[in-house]
Amino acid sequence: MNRLLNKVAIITGADGGICGKAAELFCQEGAKVVMNDIDPHVEEKCAEIVAAGGDAVAVVGDASKRETWDKLLATALEKYGTVDICVNGAAVFSVGENAGDWDTMTVDKFHNVFDPNVDALLHSFQTVLQYMIDNKIRGNFMNFASSTAYAWNGAGFQGYPSSKAVIKLATQCMVKQVSPKTGIRFNCLAPNFVWTPKSAYLYENERMMGWFKSVTPFPELGMPEDSAWAMVYLCSDEAKYVNGVCLPTDGGWLTCN
């Protein structure tokens, strides 16, 4: 308890899955959380956390748009007075109409995934990070890469791992460029197959489940809390000297691929 006491966090993609669970755990550990998602259901998720004793507020909006980040920062400052932690969890996936391998991928399909994922990171740096720098806040950023940013992940998903590789590299570049002068930390999480409410349909597909399990060197597939607890640690003062890490939470997938 109290590992994040009085910290103020902005968490995007907070409606469900890893970042929804992280919002719960951050509040349990004493943080105040500004929860963002493009899905209005994030307001219900926030209400549940508040009813359980957490201190949180929801902001509906597209994290790939600058105006959403302006609103997130303004909300954090108005309600809580500062920002200590920024979690870039919102992402667009290469599924459905945006799927395709290199020989079938269109420019539009690729950029429908790549652009919003990378744009969100840039906007967070130009708003929240700039606020931290201007106000001499030794905060930290938790960005989401993916184990797919490190290793081959099969066909059909090219826009997503490409965007995650950029996020990993951008995070590490900020360590070199920003940390020495500010003490602000930048780390990444690199999950792999994780159950979320929005991906639950994949876990009901026997063929897909068989494939997930065959390439995961662990008896079970990941659950949101398996990554969310790692986020609590990396965003806490316990990890005050951990900087530039891209931590796989993948049951060993990266080790074996």
Side-chain angles (χ1 to χ4, degrees), residues 2-14 18-19 22-23 25-27 29-36 56 59 63-64 66 68-91 117-146 149 163-191 227-249:
N2 296 331
R3 296 166 73 187
L4 298 172
L5 186 63
N6 296 325
K7 301 288 188 182
V8 177
I10 292 173
I11 304 179
T12 68
I18 294 173
C19 286
L25 296 182
F26 275 43
C27 285
E29 294 294 331
K32 302 172 177 65
V33 180
V34 179
M35 300 171 59
N36 161 258
V59 174
S64 71
R66 172 59 183 259
T68 299
W69 282 98
D70 289 335
K71 187 174 182 180
L72 288 171
L73 179 57
T75 300
L77 298 182
E78 179 180 351
K79 187 168 178 63
Y80 301 123
T82 190
V83 181
D84 303 289
I85 300 165
C86 183
V87 176
N88 274 299
N117 290 351
V118 176
D119 288 354
L121 186 70
L122 176 62
H123 294 318
S124 74
F125 286 164
Q126 293 183 343
T127 54
V128 179
L129 175 58
Q130 191 60 53
Y131 169 80
M132 289 181 180
I133 293 172
D134 291 345
N135 291 275
K136 296 180 171 56
I137 295 169
R138 296 188 67 170
N140 68 85
F141 273 70
M142 166 59 50
N143 299 324
F144 268 70
S146 166
S163 70
K164 293 302 180 178
V166 169
I167 289 170
K168 171 186 172 291
L169 182 59
T171 301
Q172 293 169 331
C173 285
M174 298 307 281
V175 171
K176 176 69 172 179
Q177 296 172 11
V178 179
S179 292
K181 295 180 181 179
T182 66
I184 297 171
R185 297 188 294 118
F186 301 85
N187 292 299
C188 272
L189 208 65
S227 292
W229 277 118
M231 294 167 64
V232 169
Y233 166 69
L234 287 172
C235 291
S236 74
D237 290 341
E238 296 169 16
K240 66 183 180 64
Y241 207 60
V242 179
N243 195 20
V245 165
C246 192
L247 178 65
T249 52

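Because only heavy atoms are used, hydrogens play no part in the values below, and waters and symmetry mates are left out as well, while side chains stay in.
Looking at residues two or more places apart in sequence or on another chain, you find a side chain to side chain contact (heavy atoms under 4.5 Å, CB included) between Ala63 and Thr12, Asn36, Trp69, Ala90, Ala120. Shown here are the side chain to side chain contact (heavy atoms under 4.5 Å, CB included) partners of Lys240, two or more places apart in sequence or in another chain: there are none. Judged as a side chain to side chain contact (heavy atoms under 4.5 Å, CB included), and not counting sequence neighbours, the contacts of Val118 are Phe114, Ser163, Val166. By the ring-ring contact (aromatic ring centres under 6.0 Å, His included) test, Phe141 pairs with Phe125, Phe186, sequence neighbours left out. Partners of Lys7 under the salt bridge (Lys or Arg N to Asp or Glu O under 4.0 Å) rule, at least two apart in sequence or in another chain, are Asp237.
In this structure, SG on Cys235 lies 7.5 Å from CD1 on Ile11, to the nearest 0.5 angstrom. Taking CG of Leu121 as the start and OG1 of Thr171 as the end, the distance is 5.5 Å to the nearest 0.5 Å. In this structure, CG in Leu73 is found 11.0 Å from CG in Leu129, a value given to the nearest 0.5 Å. To the nearest 0.5 angstrom, Met132 atom CE is 7.5 Å from Thr82 atom OG1. Summarising the geometry, atom CE belonging to Met142 is positioned 9.5 Å from atom CD1 belonging to Ile85; distances are rounded to the nearest 0.5 Å. Atom CG of Asn88 is separated from atom CG of Leu122 by 10.5 Å, given to the nearest 0.5 angstrom.
Between Val128 and Cys86, the shortest heavy-atom distance links the atoms CG1-CB, 4.0 Å. In terms of heavy-atom proximity, Thr127 sits nearest to Arg66 at CG2-NE, 3.2 Å. Asn140 and Leu234 get closest at one heavy-atom pair: OD1-O, 4.1 Å. Nearest heavy-atom pair across Lys168 and Ala145 is CB-CB, 4.1 Å. Minimum heavy-atom separation, Pro191 to Phe144: CG-CE2, 4.0 Å. Pairing each heavy atom of Ser236 with each of Leu4, the nearest pair is CA-CD2, 3.6 Å.
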For this session: Just do the side-chain contact (heavy atoms from CB on, under 4.5 Å) check on Ile18 and Met231 with the steps written out, would you?
Result: CA-CA 9 Å; Ile18 294 173; Met231 294 167 64; 3.6 Å; yes

Problem set entry | Val34 vs Tyr80, side-chain contact (heavy atoms from CB on, under 4.5 Å): CA-CA, chis, key distance, verdict | CA-CA 9 Å; Val34 179; Tyr80 301 123; 4.1 Å; yes

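By the 4.5 Å heavy-atom criterion applied to side chains, Lys164 and Ile167 are counted as neighbours. Within the 4.5 Å cutoff, the side chain of Ile10 has heavy atoms near those of the Val83 side chain.
Within 6.0 Å of CZ on Arg138 lie no more than 12 heavy atoms contributed by other residues, nucleotides or ligands.
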Residues 175-183, side-chain donor-acceptor partners within the protein, below 3.5 Å, at least two apart:
{"residue": "Ser179", "atom": "OG", "partner": "Ile184", "partner atom": "O", "Å": "2.6"}
{"residue": "Ser179", "atom": "OG", "partner": "Asn243", "partner atom": "ND2", "Å": "3.0"}
{"residue": "Thr182", "atom": "OG1", "partner": "Val178", "partner atom": "O", "Å": "2.8"}
{"residue": "Thr182", "atom": "OG1", "partner": "Ile184", "partner atom": "N", "Å": "3.1"}

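With hydrogens and angles disregarded, a donor-acceptor distance shorter than 3.5 Å links the side chain of Glu29 to the backbone of Arg3. Asp84 contributes a side-chain N or O that, together with a main-chain N or O of Val8, makes up a donor-acceptor pair within less than 3.5 Å. Side-chain N or O atoms of Asn187 include one that pairs as donor or acceptor with a backbone N or O of Val245 at under 3.5 Å.
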